Amino acid sequence: MRFPVWFIASAIAVCGFGPQAIAKKKPAPAAKGSTAVSKKMIDALAIELERSMAMRVPGAPPPYFVSYKLTEVEVNDAVATLGAKTASRERHFVSIEAHVHVGDYRQDNTNFVVPQREMVDGIATAQLPIEATPAIARKLAWLATDQAYKEALEQYTAKRDALRSGASGGDATSYVKVKPMVVEKTVPVTELETVGDLEKRASVVSKAFAGKDHVRDSRVAFTSFLERRWYLNSEGTSSHDTRRVSGAIVTASGQATDGQELNVYFTRYGHSGNDLPGDAALSKQAKLLAKNLEGLMSAPLVDNYTGPILFEGEGAVGMARYSLHPHLTGTPPPVGVSAQDMQVFGGTLSKRLGRRVTTTKLDISDDPTSNFTGRVPVIGGYLFDDEGVKASPIKIVVKGMLKTLPTSRTPSKEQNTSNGHARRSVAGGLFRGSPTNLTLSSRGGERNKTLEKKLLGIVKKEGLPYGLIIRQFEDVAITSNPDLSRIELVQLLRSMDPNAPPMATLAYKLYPDGRKELVRGVQLKRVDVNVWRSIVGVGRKQTVKNFLASTENPLFVRVQGDPDGFVPSAGVESSISAPDMLFPELTVERSVFGTRPHP
């Protein structure tokens, strides 16, 4: 949204928290219906949508497609430090988003970024009062549609001029027709945890950091949010969906002996608070974070390194999230986009359908129709995507061969239909096909000890003194710092590659004698998608991780932060399940970012 969920149970590791603990909890009560959006309001929007198709500007093309997305969000948040609440809030808001396309299905205004004006995209949003009447909703819809129509005309003219000047990408159909979808049945979800309950849990868990003098800052935060969504368009689609998520984060920070700032964290998301670890388990994780932070404070900086790396647990999920997930889209990049910006939009794998793109040891699928991966709750499920298309499961890779990609209604030459995966908004006024419940399954998976032996075998063959193991990457939405100095911002701008994975927060050297040494400053260089073909080993166990995929530039996310420390609630609800994976050759650079004098 613009403003802004094993193949065998025993083969799944969720960092120590299995489904057994969840099963013992009492079912949460069901949530009540919306108090802000009524059927009369939806009917009023349908009338306004029909009327909007008659909008005209003399000498300009009329709309050929209009859609409304009405979104109601309820969020409860709480944060605590060292046993005391530091912040809490209750939020409830409703917005309407209007999309307008001008031209026709063959060639319209979408999938084009107006130079220096990327927000001109035929999309406009209006905030509704919580107690809005159907008349008020209709008026605000008209205002949003009027603005979106004017933007669409400007974008259409700029796109037409670019194509006449020889811009690439204009030979494909702009937007494909789909069968209208009507869903009126309400999706049952559980009610939100109250702010009081979240405050109590955060206060209890945050006490685990008491007495840890090496921990400079720490916080425990809980969130509970619900999103109701109504989607209508001029083709006859009228659908309703409800999504429900609860989450917890535990973070701690400190400073290494040389002054480098260090951040460690733990996150969990589920369908409700019942899917989260209990207070005792979270307190145990807090103490483990404090222990890891203490180890990192005296750990050496990694040397520049090129060689084999084994990604374990959340490290494997992170490797898939940051180096593979962005490429898994069948939506073409915008018209005229430069080669330099291609990775931002993805779409390069479309040319390789039917070819091998990963090791033959991997199968990759995405299933937005599921709320579980095995018995583990995952949050990336939905009834219909952001273009009103019914969700459907897809097999992306089979034995390393690329079979299909997530697609939206913006077709490519290779895939000219939508499979209901339009979930990630990008510049240019479109949604990109994107996986949200991604599963990487291993064929012939091996034990972790076997993978470590393989790692050391490559180390010996290459004449290296050690190999590397990465167990977790930084999540900049969790560890962001809004208090960076001007010098640090300049340093960040100069050193950060926005297309490289974030820095590893938990990494080890593995020596030939089996000894593991904790290291810091581990920054992977940009990972070419082709390295996924070279994987030499995959594990048996799966690690499942839920997260909110930000649609913002990672640099912006890193420096924006949240001064109150709330759990991030903006982003695309997503999950990845992955086995441990051994790559034979990747490059790491030592990072000293965040080094500052001790206070």
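Just so we're clear, the structure is a prediction, and the values are computed from it rather than from any experiment. Atom set for the values below is all heavy atoms of this structure, side chains included, hydrogens, waters and symmetry mates excluded.
- If you take CD on E294 and CG on N292, they are separated by 10.0 Å, rounding to the nearest 0.5 Å.
- For H421 (side chain) and N419 (main-chain N/O), a donor-acceptor pair under 3.5 Å exists by modelled atom type.
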Exercise. How far apart are the C-alpha atoms of L468 and V588, what are their side-chain angles, what is the distance that settles it, and do they pass the side-chain contact (heavy atoms from CB on, under 4.5 Å) test?
Worked result: CA-CA 10 Å; L468 283 180; V588 162; 4.0 Å; yes

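- Side-chain contact check for S218 versus L82: some heavy-atom pair is nearer than 4.5 Å.
- Listed by chain and number, the residues in a salt bridge (charged side-chain N to carboxylate O under 4.0 Å, His left out) with K85 are E199 (sequence neighbours excluded).
- A side-chain donor-acceptor contact under 3.5 Å links T595 to the backbone of V592.
- Formation of a donor-acceptor pair under 3.5 Å by the K545 side chain with backbone atoms of T267 is found in this model.
- N437 contributes a side-chain N or O that, together with a main-chain N or O of G380, makes up a donor-acceptor pair within less than 3.5 Å.
- Applying the side-chain hydrogen bond (donor to acceptor under 3.5 Å, both in side chains) criterion to T35, with sequence neighbours excluded, gives no partner residue.
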For this session: Show your reasoning for whether side-chain contact (heavy atoms from CB on, under 4.5 Å) applies to R520 and L262.
Result: CA-CA 9 Å; R520 56 187 171 86; L262 304 168; 4.0 Å; yes

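- Note that CZ of F209 is 8.5 Å distant from CG of L293, once rounded to the nearest 0.5 Å.
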For this session: Give the C-alpha distance, both sets of side-chain angles, the deciding distance and a yes or no for side-chain contact (heavy atoms from CB on, under 4.5 Å) between E97 and Y231.
Result: CA-CA 10 Å; E97 183 177 275; Y231 179 88; over 6 Å; no

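- The pair R244-E193 meets the salt-bridge criterion, with a side-chain N (NZ, NE, NH1 or NH2) lying under 4.0 Å from an Asp/Glu carboxylate O.
- For R89 and D77, the salt-bridge test passes: some basic side-chain N is under 4.0 Å from an acidic carboxylate O.
- Ion pairing between a basic and an acidic side chain is recognised when a charged N comes within 4.0 Å of a carboxylate O; R243 and D241 show such pairing.
- Annotation: the span from M319 atom CE to E312 atom CD amounts to 14.0 Å, rounded to 0.5 Å.
- Side-chain atoms of D385 come within 3.5 Å of backbone N or O of A422 as a donor-acceptor pair.
- Counting only distance, with no hydrogens or angles, the side chain of D580 and the backbone of G313 share a donor-acceptor pair below 3.5 Å.
- Donor-acceptor pairing under 3.5 Å is recorded for the side chains of H92 and E72.
- Under the 3.5 Å distance criterion, the side-chain polar atoms of Q542 are matched with a main-chain donor or acceptor of L440.
- Taking 4.0 Å as the cut-off between side-chain N and carboxylate O, R424 and D386 do not count as a salt-bridged pair.
- Taking the six-membered ring where the residue is Trp, H271 and F372 present perpendicular rings, their angle passing 60° and hence far from 30°.
- L324 CG to L349 CG: the interatomic distance, rounded to the nearest 0.5 Å, is 7.5 Å.
- Across S434 and P406, no two heavy atoms sit closer than the pair N-CB, 3.6 Å.
- With hydrogens and angles disregarded, no donor-acceptor distance shorter than 3.5 Å links the side chain of S203 to the backbone of A84.
- I364 has its side chain within reach of L438: a pair of non-hydrogen atoms, C-beta onward, lies under 4.5 Å apart.
- How far CD1 of I130 is from OG of S34: 8.5 Å, rounded to the nearest 0.5 Å.
- Using a 4.0 Å cut-off between charged nitrogen and carboxylate oxygen, E261 and R216 count as a salt-bridge pair.
- Side chain of D275 to main chain of Y269: no donor-acceptor pair is present (N/O by atom type, distance under 3.5 Å, no hydrogens or angles).
- Distance alone, capped at 3.5 Å, places no donor-acceptor pair between the R471 side chain and the G315 backbone.
- Relative to the ring axis of F431, R409 does not place its NZ or CZ within 45° and under 6.0 Å from the centre.
- The distance from the CG atom of L518 to the OH atom of Y508 is 5.0 Å, given to the nearest 0.5 Å.
- Ionic pairing of E314 and R268 is present here: one or more N-O contacts between side-chain nitrogen and carboxylate oxygen are shorter than 4.0 angstrom.
- Salt-bridge formation is detected for the pair D279/R201: a Lys NZ or Arg NE/NH1/NH2 atom is positioned less than 4.0 Å from an Asp or Glu carboxylate oxygen.
- A salt bridge links K525 with E589: the closest approach of a Lys/Arg side-chain nitrogen to an acidic carboxylate oxygen falls below 4.0 angstrom.
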Problem set entry | Criterion side-chain contact (heavy atoms from CB on, under 4.5 Å) on E573 and F225, from CA distance to verdict | CA-CA 12 Å; E573 299 93 334; F225 67 88; 4.1 Å; yes

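- F547 carries R321 over the face of its six-membered ring, with the cationic atom under 6.0 Å from the centre and within 45° of the normal.
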